[in-house]
Amino acid sequence: MDLSKIRNIGFAAHIDAGKTTTTERVLFYTQRIHRMGEVDEGTATMDYMIQEKERGITIQAAATFCEWKSYIIHIVDTPGHVDFTAEVERSLRILDGLVIIFSAVEGVEPQSETIWRQAEKFNVPRIAFINKMDRQGADHLRVIDHIERKLKIKPLLLEWPVGIESEFKGVYHFVEFKKILWDKDEMGLSFSEYEINNLPEEAIKYYEEMIITLSELDESVADEFYEKGFVNSEKLHNLIRKGVLEKLFLPVFIGSALKNKGIQPLLDGICFYLPSPLDRGKIQGKDPLKQILIERKPSPEEPFSGVVFKIQIFEDMGKLCYLRIYSGTLKQGNKIYNPRTKEIARIQRLYRLHANRRKALKEAICGEIVGIVGPKNLRTGDTLCEYENPILYEEMLFPEPVVSQAIEPVSSRDLPKLEERLKWMMEEDPTFKLKIDEESGQIIISGMGELHLDIILDRLRRDYNLSFRALKPQVHYRESIIKEGESIKEVKKTIGGEEHYGKVKIKVLPLKDLMRNEIFINENMNLAEEMREVALNSLNEVLEFGPLMGYPLINVKIILEKVYNIEKTSSIGLRLGIIEAGKEAINNAEPQILEPYSYVEINVPQEYVGNVIQDLTQREADILEQGIDEATGWMKIRAEMPLKNTFGYATTLRSHTKGRASLWMKISKFKPLKLEKKDFLD
């Protein structure tokens, strides 16, 4: 297999921008499927869960593959709803390229910005597709303006529409300098191509802008344009590819997935411009024994290595792990090593993935995304490699849950099965947590939002036929500090007849609205690697339980400034000293309780604005901004409100606006709890 012809890409977008519909067309035109499914009809290939079919949204990332013009394209279709944004994050961790889809009507929406930041974090090259050009209110130039202003990158428009809204028929393709019309059949399989004699006047500006941008990479482009009036398409393709790999600009395609127009040029763009595994180059990891940086090249001849980025558990086959292979070759029956668990396991089965269907493989090489069955104790983010050539890639980090709900089985006989299925779901979804309340005996489930938990409960009832009672959701509070604090603690303890000593100095400082913590160890102390690991784990332990009500701490910078008498210090003494000093330092820094707030964005017809504003006020929302959306003529309202007041809000909003308003919410920040502690305890 030619590695230069492999593409590992994802489709990502704000909810309802047409991401799954676009994926469906890509699979159809590449002959991966022979009938196009529709999201609204619940027949989309990639949305195969019952909950996805009924709600018309993507909940789990799904993997598939197809072929286009001798290229192998591995595709991960990701969710657009903010409650499942961790699915996007773990997919981006292993992808080489990304197609971001925007609606031609709504433009760059909030979740699109979140996806963009995630792609920046993982340094993933991108192209864009402006979808829904057939819709009333479609305006590709408004979207181009949004991209430049909101995403802070230069958009490079590669196509111009032939007609717009209901008259949208095709595109003027700048690079090929052709007019493409989907006028031969409704399915979009066939299209007509015409040489361009005259571009529309408004399009000339954007064609020339493309030429000027690319001439900054190669001066001969401008010379050829002024001499001939157009530029060789192969030269333009190569320069656009260079710009994408270096993230100098964002190539933009246009079309209408629902009307089957514009997908074939997008497929060409995926193959021409997005990187292969070879383009992404060497992958850095750590030698788990020597703790030094090492590299793996994307070559079948290298030692095998890969990362598990998703897990699904089935009653009939056990644990199916989605694996991105970074180096080497993996064969069915191979033994592989997990550096985290230090376990060796055999690959029992190896699969090519296509949504909820699988095709058995004998072997797979680097650059591929496959499914494996065999290893038992895997979790999302684990590195797999050869025992003789170990490597450990960077782990995946996931946000902590913000909403909890208590559930209890109707019959005690269902308790073991309920707990087992919940543990399965926790393995599949790193943002879902489970614990048993010691006082009440209730099962407490926690997730990223009301919808997240609602999907979990629906799966328990329908997928696993379990009966239970669910109580009202509760928010997860946090604790933080207001000022700096420090403490020096000395510990002397005898355990099992052995003396343990530790004396440390800990300092804590508040961080501003980062929704995370920072942990530092003074590097001048020259701690041994084993002691350093004990110190890091202990500092993390300090931040797990706040002093006021036992909630996790956030927005705290904690520093191990000094370990006294290192030669006398034992690992247990170090741990006890850090925990005692850390707790005292936090108490000295004026701890406070924080509650989560949601950022809310609402689009509502103007006749219902009064109802919406009144309800937001009753929910203690702060209105940040409101104004007329130029695309729809509706009012766009941006607000923040306590998360505890958002439960049931989507249903209420539908009621107040006769189902016409649209809503988007995400956890935005934590603010000091307004209630007094005694009132909160009540």
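Numbering starts at 1 and runs along the sequence shown.
When all heavy atoms are compared, the tightest approach of Val99 to Ile9 is CG2-CD1, 4.3 Å. Here the closest heavy-atom approach between residue Ala17 and residue Ser103 is recorded as CB-N, 4.1 Å. Nearest heavy-atom pair across Leu378 and Lys319 is O-NZ, 3.1 Å. Heavy-atom minimum distance, Ala13 versus Gln111: O-CG, 4.2 Å. Across every non-hydrogen atom of Leu3 and Pro298, the tightest pair is CD1-O, 3.1 Å. Lys154 and Glu209 get closest at one heavy-atom pair: NZ-OE2, 3.4 Å.
Classified by interplanar angle (parallel below 30°, tilted 30° to 60°, perpendicular above 60°), the ring pair Phe177/Tyr207 is tilted. Using cut-offs of 30° and 60° on the angle between ring planes, the pair His452 and Phe432 is perpendicular. Ring geometry, Phe191 versus Trp182: the interplanar angle falls from 30° to 60°, so the pair is classed tilted.
Cation-pi geometry between Arg93 and Phe398 is not met: the NZ or CZ atom fails to fall both under 6.0 Å from the ring centre and inside 45° of the normal. Remark: Lys5 qualifies as a cation-pi partner of Tyr71 under the 6.0 Å distance and 45° angle criteria applied to the six-membered ring. Judged by the 6.0 Å distance and 45° axis criteria, Arg296 is not positioned over the aromatic ring of Tyr326.
Heavy-atom neighbours of Arg241 CZ from other residues, nucleotides or ligands within 6.0 Å: above the threshold of 12. Few gaps surround CZ on Phe122; more than 12 heavy atoms of other groups in view lie less than 6.0 Å from it. Heavy-atom contacts from other residues, nucleotides or ligands closer than 6.0 Å to NZ of Lys247 number more than 12. The local environment of NZ in Lys286 is sparse, with at most 12 non-hydrogen atoms from other residues, nucleotides or ligands closer than 6.0 Å. No more than 12 heavy-atom neighbours from other residues, nucleotides or ligands sit within 6.0 angstrom of CD on Glu533. Few gaps surround NZ on Lys235; more than 12 heavy atoms of other groups in view lie less than 6.0 Å from it. Heavy atoms of other residues, nucleotides or ligands lying less than 6.0 angstrom from CD of Gln31 number 12 at most. For Glu394, the CD atom is loosely surrounded, since the number of other residues' heavy atoms within 6.0 Å does not exceed 12.
The side-chain hydrogen bond (donor to acceptor under 3.5 Å, both in side chains) with Tyr322 is formed by just one residue from the set Lys310, Arg90, Gln312; it is Gln312. When each of Leu217, Val244, Leu248 is tested with Leu239 by the rule side chain to side chain contact (heavy atoms under 4.5 Å, CB included), just one qualifies, namely Leu217. With Leu258 as the fixed residue, the side chain to side chain contact (heavy atoms under 4.5 Å, CB included) test singles out one of Lys132, Arg25, Glu24: Arg25.
The pair Glu246-Lys242 meets the salt-bridge criterion, with a side-chain N (NZ, NE, NH1 or NH2) lying under 4.0 Å from an Asp/Glu carboxylate O. Under the 4.0 Å criterion applied to side-chain N and carboxylate O atoms, Glu428 and Arg459 are assigned as salt-bridge partners.
Distance check: Lys376 NZ to Thr341 OG1 gives 13.5 Å after rounding to the nearest 0.5 Å. In this structure, Arg352 CZ and Thr64 OG1 are separated by 10.0 Å, a value rounded to the nearest 0.5 Å. Here the CD1-CD distance, from Ile180 to Glu159, works out to 6.5 Å after rounding to the nearest 0.5 Å. Rounding to the nearest 0.5 Å gives a distance of 7.0 Å between CD1 of Ile311 and CG of Asp382. From Phe230, atom CZ reaches atom CG of Leu236 across 10.5 Å, with rounding to the nearest 0.5 Å. Note: His74 NE2 to Arg7 CZ = 11.0 Å, rounded to the nearest 0.5 Å.
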Please lay out, stage by stage, how Ser276 and Asp279 fare under the test side-chain hydrogen bond (donor to acceptor under 3.5 Å, both in side chains).
CA-CA 5 Å; Ser276 72; Asp279 294 313; 3.1 Å; yes
After noting the C-alpha distance and the side-chain angles of Val108 and Lys150, does the key distance pass the side-chain contact (heavy atoms from CB on, under 4.5 Å) rule?
CA-CA 7 Å; Val108 177; Lys150 295 184 178 183; 4.0 Å; yes
Applying side-chain contact (heavy atoms from CB on, under 4.5 Å) to Thr22 and Phe11, what does each step give before you reach the verdict?
CA-CA 8 Å; Thr22 303; Phe11 288 100; 4.2 Å; yes
Using the rule given for side-chain contact (heavy atoms from CB on, under 4.5 Å), can you reason through Leu158 versus Ile240, listing the C-alpha separation, both sets of side-chain angles and the distance that settles it, and then say yes or no?
CA-CA 10 Å; Leu158 301 185; Ile240 294 169; 3.9 Å; yes
Please test Lys362 against Lys331 for side-chain contact (heavy atoms from CB on, under 4.5 Å), starting from the C-alpha separation and ending with a verdict.
CA-CA 6 Å; Lys362 293 293 184 184; Lys331 297 181 180 180; over 6 Å; no
Can you check salt bridge (charged side-chain N to carboxylate O under 4.0 Å, His left out) on Glu386 and Lys335, steps first, answer last?
CA-CA 8 Å; Glu386 293 179 2; Lys335 287 183 178 180; over 6 Å; no
Full working for salt bridge (charged side-chain N to carboxylate O under 4.0 Å, His left out) between Glu295 and Lys297:
CA-CA 7 Å; Glu295 293 177 334; Lys297 291 184 288 188; over 6 Å; no
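Using modelled atom types and a 3.5 Å distance limit, the side chains of Ser327 and Ser305 yield a donor-acceptor pair. Side-chain contact of Glu224 with Asn232: a donor-acceptor pair under 3.5 Å is absent, judged by distance alone.
Side chains of Ile313 and Leu320 form no contact here, defined as non-hydrogen atoms less than 4.5 Å apart. Phe304 has its side chain within reach of Ile336: a pair of non-hydrogen atoms, C-beta onward, lies under 4.5 Å apart. At a threshold of 4.5 Å between non-hydrogen side-chain atoms, the residues Thr380 and Asp429 do not count as touching. The shortest side-chain heavy-atom distance between Asn131 and Ile254 does not fall under the 4.5 Å cut-off. A heavy-atom distance below 4.5 Å is found between the side chains of Lys666 and Thr114. Annotation: side chain of Arg532 is in contact with side chain of Ile521 (closest heavy-atom distance under 4.5 Å). Side chains of Asn8 and Arg324 form a contact here, defined as non-hydrogen atoms less than 4.5 Å apart. When side chains are defined from C-beta on, Val307 does not count as touching Leu323, because their heavy atoms never get closer than 4.5 Å.
Separation of the His14 and Phe102 ring centroids does not fall under the 6.0 Å cut-off.
Every residue two or more places apart in sequence or in another chain that forms a side-chain hydrogen bond (donor to acceptor under 3.5 Å, both in side chains) with Trp68 is listed here: Asp268.
When atom types are taken as modelled, the side chain of Asn123 and the backbone of Ala119 share no donor-acceptor pair closer than 3.5 angstrom. A donor-acceptor distance shorter than 3.5 angstrom exists from the side chain of His173 to the backbone of Glu176, with no hydrogens or angles considered. A distance-only check finds a donor-acceptor pair linking the side chain of Gln291 to the backbone of Pro288 [under 3.5 Å].
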